Amino acid sequence: MASEVDEKGRQAESSDTEERSEKKSASTAGSDDAGTGGATMEEVGGDSNAGVSEVSEEISSLAVSEKGPDDDVDKPEITLRADKLNEEVEAAEPSQIKTIAAEDTPYTSAQTFEELNISENLLRGIYSEMKFERPSKIQGITLPMILSPPYHHLIAQAHNGSGKTTCFVLGMLSRVDPNLKAPQAICICPTRELAIQNEEVLLKMGKYTGITSTCAISEFGKQTSSRRGPVVDQIIIGTPGTIKRWITSKILNLRHIKILVFDEADHMLAQDGFQDDSTRIIRYIVKDNGGCQVLFFSATFDDTVKNFTVKIAPKANQVFVKKEELSLDVIKQYRVKCPREADKVAVLKDRIFPAAEKLGQSIIFVRTRASASNLHRRLDEDGYKCTSIQGGLSNEERDRVIREFRCGQTRILIATDVLARGFDQAQVTLVVNYDLPIKNSFPNDPDYELYLHRIGRSGRFGRKGAAFNFLVTGTDEDNMNKISSYFNREIPEVPWDDDDAFEKVLKEAGLA
DNA sequence: AAAAAAG
């Protein structure tokens with residue numbers, strides 16, 4: 001079921017058009033699943049007082065000041081129009097999503113794009129370019145929240161590959177005034193690859209709107225901020241550093257910004273992520289025009305960052321998924337115990353590569369830049385065809401590696417966590433955690449969020465996928481077990497030296 | 001003992 005739903009929500013390239021349009025994506029209400037009702041509603045909000053820094057308090061008081069005269073209502077009680085809402089959409093996706101509407105604003109989930117009151121030109125892009133028929137579950141819930149006055153902030157969590165990009169791209173395109181030739185929307189992403197990808201979706205969906213956009217990422221050899229003229233494009237999608245530089249060097253005017261989007265929001269607001277940059281940009285906007293609607297989108301929000309987000313956007317609409325529900329069943333997960341570190345390469349060569357050749361494309365995640373290039377070099381020397389990407393490469397090099405992978409010229413890509421989040425390539429069926437993701441601050445704990453994002457690079461839009469986790473040490477095993485129980489998923493072992501076992505497991509995953 | 005952005 002999940003697959004049909006996801007088909008609707010996809011932001012994929014044209015390469016998969018055939019499949020997408022023939023799927024019965026029109027049946028959002030998927031009556032067969034109606035029995036799954038009774039979504040568990042967890043308590044939300046209220047408890048968001050964990051240790052939050054003073055900075056955030058400051059932001060909070062600033063960020064609330066929504067532009068416009070609608071600052072009247074201040075009722076503490078939260079109207080759970082949400083449960084009605086859940087029943088309506090529950091049928092579409094089996095997962096449990098809990099929704100908290102800001103104040104007493106009632107929202108009805110959208111069953112069609114027409115009822116969202118978006119422009120004809122935008123509808124045309126949605127149908128003829130994106131080939132969407134109806135909103136996916138997450139789209140149906142969040143789009144009315146994004147598009148209805150008084151334009152509350154939104155904190156939204158949704159599964160990998162469920163159509164988050166569409167939500168905020170459509171949101172930006174719809175809220176921008178096509179006749180005002182000035183920056184009106186900003187989207188901030190953690191990597192330049194993601195910024196580029198998101199702008200591609202935006203260009204496609206907004207093809208007939210006449211709305212213009214620009215990508216604010218560092219471009220080697222291109223004009224520096226000082227030599228660049230003022231930004232006249234209406235939507236800016238980029239990475240924190242460049243956006244900040246454009247703002248401080250006055251080439252990006254914030255006066256007409258009405259919507260700000262954080263993609264991979266948990267990372268953008270994490271203390272060891274981009275929290276400082278993100279809060280600074282919010283402050284700039286507040287200072288220049290009194291603030292704007294802010295959207296926070298991610299597949300994951302750990303408790304700390306969730307509390308922080310609620311803190312800086314106190315009156316936001318909230319949409320959350322239980323963590324046990326996040327790990328997609330379409331992605332089969334396995335552990336591979338390797339006797340020694342050196343055996344990892346052997347498993348790659350003997351089991352993964354042969355399979356990968358037949359099964360689409362693969363991404364192999366390693367922990368450091370150095371191990372990415374080392375592994376790449378070793379395999380290269382032995383005649384295995386693969387490429388690697390990490391933040392130490394030049395921008396041109398990165399662009400080239402991505403381009404080659406996008407067009408299928410390369411099938412196996414070694415990567416650091418630069419590609420862990422958001423990277424959307426429908427043909428990726430295999431993900432290998434050559435090194436498990438671990439928390440930098442607590443090396444004995446796995447990074448659950450990163451794990452989920454990594455394996456989410458496969459199984460896009462309900463396709464099949466498999467993830468192999470390489471384990472060597474006792475710590476590896478401990479971490480694997482923690483991940484397994486955190487998401488409440490069995491992660492069975494595949495013997496590292498058994499061809500048949502791998503064969504069998506790939507069949508089981510629906511790949512072989 | 002990390003990676004990401006960017007200077």
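Lettering of chains follows the sequences in order, A, B, ..., and the numbering in each one begins at 1. Since this is a predicted model, take the numbers as computed values, not measurements.
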Under 4.0 Å: is that the gap between some side-chain N or O of [X] and OP1 or OP2 of [N]?
X: A/Thr242; N: B/dA5; value: no
X: A/Thr191; N: B/dA3; value: no
X: A/Arg398; N: B/dA5; value: yes
X: A/Thr416; N: B/dA2; value: no
X: A/Arg369; N: B/dA4; value: yes

### Task
Measure from the ring center of A/Phe353 to the ring center of A/Tyr384 and say whether it is less than 6.0 Å.
yes
Can you measure [X] atom [atom1] to [N] atom [atom2] for me and round it to whole angstrom units?
X: A/Arg421; N: B/dA3; atom1: CZ; atom2: C1'; result: 11 Å
X: A/Glu193; N: B/dA3; atom1: CD; atom2: C1'; result: 12 Å
X: A/Arg367; N: B/dA2; atom1: CZ; atom2: P; result: 7 Å
X: A/Ile438; N: B/dA3; atom1: CD1; atom2: C1'; result: 12 Å
X: A/Phe442; N: B/dA1; atom1: CZ; atom2: P; result: 16 Å
X: A/Trp246; N: B/dA6; atom1: CH2; atom2: C1'; result: 14 Å
X: A/Glu264; N: B/dA4; atom1: CD; atom2: P; result: 15 Å
X: A/Tyr451; N: B/dA3; atom1: OH; atom2: P; result: 21 Å

### Message
Please check: side-chain N/O of A/Ser362 versus main-chain N/O of A/Val431, any donor-acceptor pairing under 3.5 Å?
### Response
no
### Task
Identify which nucleotide among B/dA4, B/dA2, B/dA6 has an atom closest to any side-chain atom of A/Phe274, counting heavy atoms from C-beta outward.
B/dA4
### Task
Identify, between A/Asn395 and A/Thr368, the residue whose nearest nucleotide on DNA chain B lies closer to the 5' end.
A/Thr368
### Task
List the steps and the verdict of side-chain contact (heavy atoms from CB on, under 4.5 Å) for A/Phe320 and A/Ile100.
CA-CA 9 Å; A/Phe320 285 109; A/Ile100 299 284; over 6 Å; no
### Message
So that I can tick it off, tell me whether A/Arg377 and A/Asp380 are bridged by a salt bridge, with the cut-off set at under 4.0 angstrom between side-chain N and carboxylate O.
### Response
no
#### Entry: Note: A/Asp266-A/Arg421 ion pair, threshold 4.0 Å (strictly below)
yes
#### Entry: No-H, no-angle donor-acceptor pair, A/Asn440 side chain to B/dA2 base, under 3.5 Å
yes
